[in-house]
Amino acid sequence: MKWNSRKLLLTACIGLLCISGCSRSKEQLEETKTPSQNVLAPFTGEQITEGLQNRPIVATINNHPLARPQSGIAEADQVYEFLAEGNVTRFAAIFQSEIPNQMGPIRSAREYFVDFADGMDAFFIAHGYSPDAKKLLDGGVVDHVNGMQYDGSLFERSSDRKAPHNSYISKEHIEEAFEKTNASEKISKTPTFSFLKPEESDKIGDIASSITVSYSSDPRFISTYRYDEEKNRYYRSVNGIDTVDKLNERRVELSNVVVMEMDHQTVDQQGRLAINLQSGGNAMLFHEGITREIEWENRDGFLIPIEQGVPVKLTVGRTWIHIVPSLSSPSAAVTYTP
């Protein structure tokens, strides 16, 4: 009887161990099914629970003083500020992590905007085009929608501004544009941007708490950035006016400011430009309250900040990139103070 009792007890214990082991195996199996917490949003480096599969959108956004404040820019992952003719700048804003309810004012395309969108296989949005840009768009080099064909339908005019500073496209109409153009909504290329880990910081460089980037002597196109040490963010202003999003009056918060030097050539009597997006060159990085000179390269269509041959680690969050004409150094267009 004692032996039988021990046998029953041993059998029961083995059973419990098996159940416990099976239970742990099931938990481990569930853990393998749980999306990785280390997946990063490709353009901001923010941790997400699962990979973002939506295709990036590049929108050409008007930066004429009569077009400010713009709508949707606070939700852009990255904003590239390019020169257009007449020393006026224009934005190529990348939206991938979030798509705002409205973008704009949308402005006309230039050849380098089309090349920029094509390089990353983005869906391209513009309203109008230069002759060279029209040739590329008509040739189908990039999936796109243009306000010249959809003015008053997919693109809507606001009543509080005058053309050409009042063309907008909504999130709903962007979704419709994908359908109308039979464009894929899936991301096909991912950039090689590198980001600091949460426990990392980067304090190698000169202290820079105030930054000024100038395209000319016109104060309407001189950007100033103030670093907030507590939030580890930069706030942009132009001519003393804070850069905000018209949709919600939220200030644009930036983790990184990058200045890239590129060759600019005037190509017609209207002063339109050709900008070399391929050659690579000098650059400056501002983040974490510091600055240092780096380089940039075009890697598989993406303009990547580089240091010693590898992508420089950016601070997680949104980035503003200034594209400036080639000089002896991008610092010729930039001043900063501690």
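The one candidate from Val79, Val259, Val258 that meets the side-chain contact (heavy atoms from CB on, under 4.5 Å) condition with His322 is Val259. Applying the side-chain contact (heavy atoms from CB on, under 4.5 Å) test between Ile125 and each of Asn146, Ile61, Leu154, Val145 identifies Val145 as the sole match.
A salt bridge links Arg55 with Asp143: at least one charged nitrogen is closer than 4.0 Å to a carboxylate oxygen. A salt bridge links Lys246 with Asp160: the closest approach of a Lys/Arg side-chain nitrogen to an acidic carboxylate oxygen falls below 4.0 angstrom. Using a 4.0 Å cut-off between charged side-chain N and carboxylate O, Arg251 and Asp242 make a salt bridge. Using a 4.0 Å cut-off between charged nitrogen and carboxylate oxygen, Glu111 and Lys135 do not count as a salt-bridge pair. Under 4.0 Å is where a charged nitrogen must lie from a carboxylate oxygen, and between Asp151 and Arg157 at least one such pair does. For Glu253 and Arg318, the salt-bridge test fails: no basic side-chain N is under 4.0 Å from an acidic carboxylate O. Looking at Arg299 and Glu297, a side-chain N of the basic residue comes within less than 4.0 Å of a carboxylate O on the acidic one, giving a salt bridge.
Distance CD1/Ile294 to CG/Leu285: 5.0 Å, rounded to 0.5 Å.
For residues 181-191, the salt bridge (charged side-chain N to carboxylate O under 4.0 Å, His left out) pairs, not counting sequence neighbours, are Lys189-Asp300. A salt bridge (charged side-chain N to carboxylate O under 4.0 Å, His left out) check over residues 164-175, counting only residues at least two apart or in different chains, returns nothing.
Aromatic rings from Phe155 and Tyr150 are positioned such that their centres are separated by 6.0 Å or more. Taking the ring centroids of Tyr80 and Phe116, they lie under the 6.0 Å cut-off. Ring centers of Tyr225 and Tyr235: at least 6.0 Å apart, outside the cut-off. Taking the centre of each ring, Trp320 and Phe91 come in below the 6.0 Å mark. Taking the six-membered ring for Trp, Phe82 and Phe113 have ring centres closer than 6.0 Å.
Few gaps surround CG on Leu66; more than 12 heavy atoms of other groups in view lie less than 6.0 Å from it. Within 6.0 Å of atom CG in Asp138, more than 12 heavy atoms from other residues, nucleotides or ligands are found, so the atom counts as buried in its surroundings. Within 6.0 Å of CZ in Arg226 there are 12 or fewer heavy atoms belonging to other residues, nucleotides or ligands.
The shortest distance between side-chain heavy atoms of Pro69 and Glu249 does not fall below 4.5 Å.
Between Phe193 and Phe43, the ring planes lie tilted relative to each other; the angle falls in the 30° to 60° range.
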